[in-house]
Amino acid sequence: MNKRIGNIFKGDKVIWMVFFFLCMISIVEVFSASSGLTYKTHNYIGPIIYHASTIIFGVIVAVITLNIPCRYFKLMTPFLLLISAVTLLWVLLAGTKVGDAGRWISLFGLTFQPSEIAKGSIVLAVAQILSAMQREDGADKNAFKWVLWVTIPACFTIGLENLSTAAMLFAVVFLMMFIGQVPLRQLGKLVAIIAALVIFALSMVMLVGHDISDEEQQLAKTEQVEQPKKKNFVEKMFHRADTWKSRLLKFGKDDVTPLEYDLDKDAQVAHANIAIVSSGVIGKGPGKSTERDFLSQAFSDFIYAIVIEELGIIGAFAVMFLYIILLYRCARIASRCENNFPAFLAMGLGLLLVIQAMFNMMVAVGLAPVTGQPLPLISKGGTSTIINCAYVGAILSVSRSAKMKAEKEKESKIA
């Protein structure tokens, strides 16, 4: 029986344990944080059944993915890049809009974000470029050019509707290039160019955008509205400037006293802070959150605040520690790989999951402006949850080949 179970859940056991704990935390906390949905629909068990079913399907996807040998991921890369390019252009031109953001595609009754597929596709492509162009003293200088040719168009297209996702993806690619020993001189020039572009973009956002309240932002998130056609490319490029400017101003403003705080205007940040402050060391206990009834997106963008409220500081550090373990195990797996491609792939996917998790947690505790990034493998989601499970499955697939290499080395030493 144990052998049969072991044949199903192959790969790194520590990553499997981290994956299991994250999924269990997700089911408990999403059930607790979905009180707003259950109140509106009067269906108290439906949302959690849907989420648990998504998690179970995600586990099946992870098991299927881990059984795919790494060499086949290389063959999948061109097709995934083509799908990513088509769907990103599709969502840009005719995507389903919720509020001022058009990030979704509806196909055969399913709604998904192409950016989720694009993130993994770019990591696959960058891992392949870096591995193919490795030399004894590091990556060939031409690798930098090819990585940017693949990454910049995708990040630019994603950034028009989801700037935080584009920034996160670019950060992952930059770290992959650093790990892949791309010449530091090239990376230094890239940092300087990025800094100049960020200053320019921030200037344009502050000039073009108007400050809007949290209430207006959430109304835009929860209601699908028809957007007028943009007149020109500049308007299309900065059509979300109002939202970006509002988030930057809220993050940069000085602290105010409780009496002066506008709870309606800054509802998200305010209720997240109340949830965290009222948590204590051990929290209120699972299912006992009070701020879930007032905090919009409690089951998605701000679920970490609910985790802290219910599980306390101990629970907050435990969740953070699980992601740190995940990244550490990815690094260990990469160090054991015989070939460069699986090593870069494991590190890239690990960084993708962990950096997004850190973004989400920093937003929840007020260390970063609101970005709209869900907490990977914990926040309520559909296709994003399934795709994140596929990323875990790919890491486990790499761990299998790394484990076989370690076993061969052990056998050779004994012999």
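- If you take CG on L352 and CE on M347, they are separated by 12.0 Å, rounding to the nearest 0.5 Å.
- Q181 places no side-chain N or O within 3.5 Å of a backbone atom of A139 that could act as its donor or acceptor partner.
- Considering CG of L169 and SG of C155, their distance stands at 4.0 Å, rounded to 0.5 Å.
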Does the side chain to side chain contact (heavy atoms under 4.5 Å, CB included) test come out yes or no for F359 and V363, once each step is laid out?
-> CA-CA 6 Å; F359 268 154; V363 168; 5.6 Å; no
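- How far CD1 of I308 is from CD1 of I314: 13.0 Å, rounded to the nearest 0.5 Å.
- When the shell of 6.0 Å around CD1 of I324 is examined, it contains more than 12 heavy atoms from other residues, nucleotides or ligands.
- If you take CD1 on I129 and CZ on F144, they are separated by 12.0 Å, rounding to the nearest 0.5 Å.
- Looking at T383 and Q113, their side chains never bring a donor and an acceptor atom within 3.5 Å of each other.
- Remark: side-chain polar atoms of W16 are paired, donor with acceptor, to backbone N or O of K10 under 3.5 angstrom.
- Counting heavy atoms from C-beta outward, N340 and L130 have side chains that stay 4.5 Å or more apart.
- The CG atom of L88 lies 11.5 Å from the CD1 atom of I83; values are rounded to the nearest 0.5 Å.
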Steps toward side chain to side chain donor-acceptor pair (under 3.5 Å) verdict (T77, Q128) = CA-CA 9 Å; T77 302; Q128 199 161 337; 3.1 Å; yes
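- Applying the salt bridge (charged side-chain N to carboxylate O under 4.0 Å, His left out) test to K284 and every residue at least two apart in sequence or in another chain returns E309.
- Pairing each heavy atom of A127 with each of M176, the nearest pair is N-CE, 3.8 Å.
- Of the possible polar contacts, one joining the D140 side chain to the N142 backbone as a donor-acceptor pair under 3.5 Å is found.
- The two residues V172 and I355 make their nearest non-hydrogen contact at CG2-CD1, 3.8 Å.
- I194 places a side-chain heavy atom less than 4.5 Å from the side chain of F170.
- Pairing each heavy atom of L187 with each of V182, the nearest pair is CD1-O, 3.9 Å.
- Here the shortest heavy-atom pairing between S84 and S121 reads OG-OG, 3.0 Å.
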Take F344 and V126 through the test side chain to side chain contact (heavy atoms under 4.5 Å, CB included) and record every step on the way to the result.
-> CA-CA 8 Å; F344 290 136; V126 171; over 6 Å; no
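- In this structure the side chain of F178 never reaches within 4.5 angstrom of the side chain of V173, judged on heavy atoms.
- Annotation: side chain of L190 is in contact with side chain of M177 (closest heavy-atom distance under 4.5 Å).
- Between C330 and I395 there is a side-chain heavy-atom pair separated by less than 4.5 Å.
- Between the side chains of E116 and S384, no donor-acceptor pair is found at a separation under 3.5 Å.
- Of the possible donor and acceptor atoms, one in the side chain of Y323 sits under 3.5 Å from a partner among the backbone N and O of P376.
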Please report the C-alpha distance between L81 and I122 in whole Å, then the side-chain angles of each, then the deciding distance to 0.1 Å, and finally whether the side chain to side chain contact (heavy atoms under 4.5 Å, CB included) criterion is met.
-> CA-CA 7 Å; L81 286 175; I122 295 300; 4.1 Å; yes
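- Sorted pairs that involve residues 54-63 and meet salt bridge (Lys or Arg N to Asp or Glu O under 4.0 Å), not counting sequence neighbours, are lacking altogether.
- Heavy atoms only, all atoms of each residue included: S397 and I68 are closest at OG-O, 2.5 Å.
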After noting the C-alpha distance and the side-chain angles of F57 and T385, does the key distance pass the side chain to side chain contact (heavy atoms under 4.5 Å, CB included) rule?
-> CA-CA 9 Å; F57 184 71; T385 298; over 6 Å; no
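- Looking at S32, its side chain never comes within 3.5 Å of a backbone N or O of E29 through a donor-acceptor pair.
- Across L326, I333, V398, a single residue satisfies side-chain contact (heavy atoms from CB on, under 4.5 Å) together with D12, and that is I333.
- Residues T87 and V91 are not in side-chain contact: their nearest non-hydrogen atoms beyond the backbone lie 4.5 Å or more apart.
- In this structure, N339 and P342 have side chains that are in contact, with non-hydrogen atoms separated by less than 4.5 Å.
- Contact check for V18 versus Y328: no side-chain heavy atoms found under the 4.5 Å cut-off.
- Formation of a donor-acceptor pair under 3.5 Å by the S26 side chain with backbone atoms of L22 is not found in this model.
- The local environment of CZ in R135 is crowded, with over 12 non-hydrogen atoms from other residues, nucleotides or ligands closer than 6.0 Å.
- Across all non-hydrogen atoms, the minimal contact from I306 to S289 is CD1-OG, 3.7 Å.
- For Q186 (side chain) and K141 (main-chain N/O), a donor-acceptor pair under 3.5 Å exists by modelled atom type.
- Side-chain polar atoms of Q356 and K119 form a donor-acceptor pair below 3.5 angstrom.
- Although no hydrogens or angles enter the test, the distance criterion places no donor-acceptor pair under 3.5 Å between the side chain of Y304 and the main chain of M358.
- For the atom pair CD1 of I27 and CD1 of I49, the computed distance is 12.0 Å after rounding to the nearest 0.5 Å.
- Just one of I325, L322, L377 meets the side-chain contact (heavy atoms from CB on, under 4.5 Å) condition when paired with F21; it is L322.
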